[in-house]
Structure formats: C-alpha cells, structure tokens
Amino acid sequence: MTERLDQPRDVTMRLRPHYDPEAFGRLSEQIARFLGTARFLVYMTVFVTVWMAWNAVAPFRFDPYPFIFLTLMLSLQASYAAPLILLAQNRQADRDRVQYEQDRTAAERNQAEIEYLTREIAALRIAIGETATRDYIRSELQRLQEELGGSRNQ
C-alpha cells in the first residue's frame, strides 16, 4: 500500500524493518536477468576455477580438496537465486495479465467500432440504392418522351 502524501506519517515503533516491495521486486528482476546471461556463467566459471586452483596448489589452503566451503557457497547462491527468479517470473506474469486485459479491452472496442462502421456502410449502400442515377433518369425521360410522342400521334 502506498503512503498518502496529504496526511502525516504515523509515528509508530516497528519491530520489522520497512522495505518497499516494488523496489525489491525491481531488484529481484535485475538479479534474475543477470543470472540468465552468459556473463554470469563466465564469472561463475572463473570464480570456481580460481577457487579450486588456489586451494589445490597455493601454500595457504583455506578450503582443501573436497571443497566443502565452495559447495556451501554455491548452495547458498542457488538457494537465493531460485526464489528471486520465481519472484521475477511472478511479476512478469502480473504484467502479462494486465497487458492481456488491456489488449482484450482494445480488441472489444475495435470490434464494436468495426460493427458500427459495417452498419453505416450497409445504410449508405441502401441509401445509394434508393437514389436516382443518371442512367435511370435518362431511361425514364426517354420512356416519358416516347409516351408523349405516342399520345400526340393518336
């Protein structure tokens, strides 16, 4: 819920820290985007390779061969990455749902406009069909002339 700007803030003690869910969501999307890049894979590969090389050949080894600490760090990274990726996916799904609703509304409006224009075109066709064309007037005049010419002769 966003704070109202026309009212003063409540001064209350909070036991939990306050965070902006929207800012956190944007941060999670940025992290998820970075985790899905080749750059991240290269960085992780270089990091793990340096870690293993250091602990295999350096005189000061802080994580000997089974690399338990490295495994722990990679597990911790994966345990944070999965929820961040899910959060980013949920936010994208929400945006897609809003976009779908807007597209559906626009499509309904377009459909109504098309139906209205179709009815208008049909009305114009009917109106044009009822108007006298040049050829119709000419044929009627010729018919009248023939009738008048025939009635004079009689």
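The figures here come from the full heavy-atom set of this structure, side chains too, leaving out hydrogens, waters and symmetry mates. As the structure is a prediction and not an experimental result, all values here were calculated from the model.
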For this session: Begin from the C-alpha positions of R104 and R109 and carry the test side chain to side chain contact (heavy atoms under 4.5 Å, CB included) through to its verdict.
Result: CA-CA 9 Å; R104 188 182 64 74; R109 190 173 39 246; over 6 Å; no
Problem set entry | Pair D94 + R97: basic N to acidic O under 4.0 Å | yes
For this session: Compare all side-chain heavy atoms of Q77 with those of M73 and state whether any distance is below 4.5 angstrom.
Result: no
For this session: Would you check if there is a donor-acceptor pair between the side chains of R33 and Q30 at a distance under 3.5 Å?
Result: no
Seminar exercise, completed: Heavy-atom closest pair (R61 atom, A56 atom, distance to 0.1 Å) is NH2-O, 2.9 Å
Problem set entry | Greater than 12 external heavy atoms within 6.0 Å of Y80's OH | no
Exercise. Can you get from L35 to L86 by hopping between Ile, Leu, Val, Met, Phe, Trp and Tyr side chains that sit under 4.5 Å apart?
Worked result: no
N/O donor-acceptor pairs under 3.5 Å from side chains in residues 38-49, not counting sequence neighbours:
from : atom 1 : to  : atom 2 : distance (Å)
T45  : OG1    : L41 : O      : 2.7
T49  : OG1    : T45 : O      : 2.6

Problem set entry | Side chains of L72 and I68 in contact at under 4.5 Å (non-hydrogen atoms) | no
Exercise. More than 12 non-hydrogen atoms from neighbouring residues, nucleotides or ligands closer than 6.0 Å to OH on Y100, yes or no?
Worked result: no
Problem set entry | Within the 6.0 Å centroid threshold, strictly below: W54 and F60 | no
Problem set entry | R26 bridged to E29 by N-O distance under 4.0 Å | no
For this session: Answer yes or no: does atom CZ of R134 have more than 12 heavy-atom neighbours from other residues, nucleotides or ligands under 6.0 Å?
Result: no
Exercise. Considering residues, nucleotides and ligands other than Q145, do more than 12 of their heavy atoms fall under 6.0 Å from its CD?
Worked result: no
For this session: Would you kindly confirm whether L124 and I114 end up in one hydrophobic cluster when ILVMFWY residues are joined by side chain heavy atoms under 4.5 Å apart?
Result: no
Problem set entry | Test item: N55 and Y65 side chains (from C-beta on) under 4.5 Å apart, heavy atoms | no
